[in-house]
Amino acid sequence: MGLNAKMAVTKDLKIHIGQKIKFFRKKRSLSQEQLAEMVNMETKSLSRIESGHNYPMYENLILISNALEVEPWQLYYMENSKDISSMKDDIINALEKDESKIVPMYQYLLMLK
């Protein structure tokens, strides 16, 4: 994956996480100010996360997910219309193309246990 493609994925992920935080915040009927106060963060910082300009730091991601009463993985989860078999094939193909992804993927899977 080239640098431009990696930058696009990073930007898309930042936007996705921000949209998920905003979705769950609104679902709990919280304003940005209320959520920011709950996690001891400036409202401007939360706004930049929700707009996809910044990633939340790990500690803030945990605090935000706790305040929103969701698991941290739910902020990353992307609904997918693919069937399980196609998803498995995509994972296997990605790992065969780039073996450097095997260790991080394995470590991630261990965290899900």
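Worth saying up front: this structure is predicted, and the values here are computed from it rather than measured.
- A pairwise comparison of heavy atoms in Lys101 and Pro104 identifies O-CD, 3.4 Å as the closest pair.
- The CD atom of Glu50 lies 8.0 Å from the NZ atom of Lys26; values are rounded to the nearest 0.5 Å.
- For the pairing with Ile64, the side chain to side chain contact (heavy atoms under 4.5 Å, CB included) check across Lys20, Met38, Met41 returns one residue only, Met41.
- Across every non-hydrogen atom of Glu69 and Arg28, the tightest pair is OE2-NH2, 3.6 Å.
- Heavy-atom neighbours of Asn40 CG from other residues, nucleotides or ligands within 6.0 Å: at or below the threshold of 12.
- In terms of heavy-atom proximity, Ala36 sits nearest to Leu46 at N-CD2, 3.8 Å.
- Separation of atoms CD1 (Ile92) and CE (Met87) is listed at 13.5 Å; rounding is to 0.5 Å.
- To the nearest 0.5 Å, atoms OG (Ser100) and CE (Met105) are separated by 11.0 Å.
- The local environment of CD in Glu33 is crowded, with over 12 non-hydrogen atoms from other residues, nucleotides or ligands closer than 6.0 Å.
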*Report the C-alpha separation of Val39 and Asn66 in whole Å, then their side-chain angles, then the decisive distance to 0.1 Å, and conclude whether the side chain to side chain contact (heavy atoms under 4.5 Å, CB included) test is met.*
CA-CA 9 Å; Val39 299; Asn66 287 340; over 6 Å; no

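- With rounding to the nearest 0.5 angstrom, the NZ atom of Lys44 is 13.0 Å from the CD1 atom of Ile49.
- With values rounded to the nearest 0.5 angstrom, Gln107 atom CD is found 12.0 Å from Ile102 atom CD1.
- In this structure, Tyr108 is a member of the same hydrophobic cluster as Ile91, with clusters built from ILVMFWY side-chain heavy atoms closer than 4.5 Å.
- In terms of heavy atoms, Arg25 sits closest to Gln32 at NH1-N, 3.4 Å.
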*Can you list the steps and then say if Leu13 with Tyr55 is a side chain to side chain contact (heavy atoms under 4.5 Å, CB included)?*
CA-CA 9 Å; Leu13 184 58; Tyr55 276 120; 3.6 Å; yes

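- Without hydrogens or angle criteria, Glu37 side chain to Gln34 main chain gives no donor-acceptor distance under 3.5 Å.
- The distance from the CD1 atom of Ile21 to the CG atom of Asn60 is 9.5 Å, given to the nearest 0.5 Å.
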*Show your reasoning for whether side chain to side chain contact (heavy atoms under 4.5 Å, CB included) applies to Tyr76 and Leu61.*
CA-CA 11 Å; Tyr76 287 89; Leu61 180 74; 3.7 Å; yes

*Gln19 and Ile15: side chain to side chain contact (heavy atoms under 4.5 Å, CB included), yes or no, with the steps?*
CA-CA 6 Å; Gln19 289 173 341; Ile15 291 169; 3.6 Å; yes

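- Looking only at side-chain heavy atoms (C-beta outward), Asn54 and Ser45 stay at 4.5 Å or farther from each other.
- Under a hydrophobic-cluster definition in which Ile, Leu, Val, Met, Phe, Trp and Tyr are linked whenever side-chain heavy atoms come within less than 4.5 Å, directly or via other members, Met57 and Leu68 are assigned to different clusters.
- Looking only at side-chain heavy atoms (C-beta outward), Leu35 and Ser31 stay at 4.5 Å or farther from each other.
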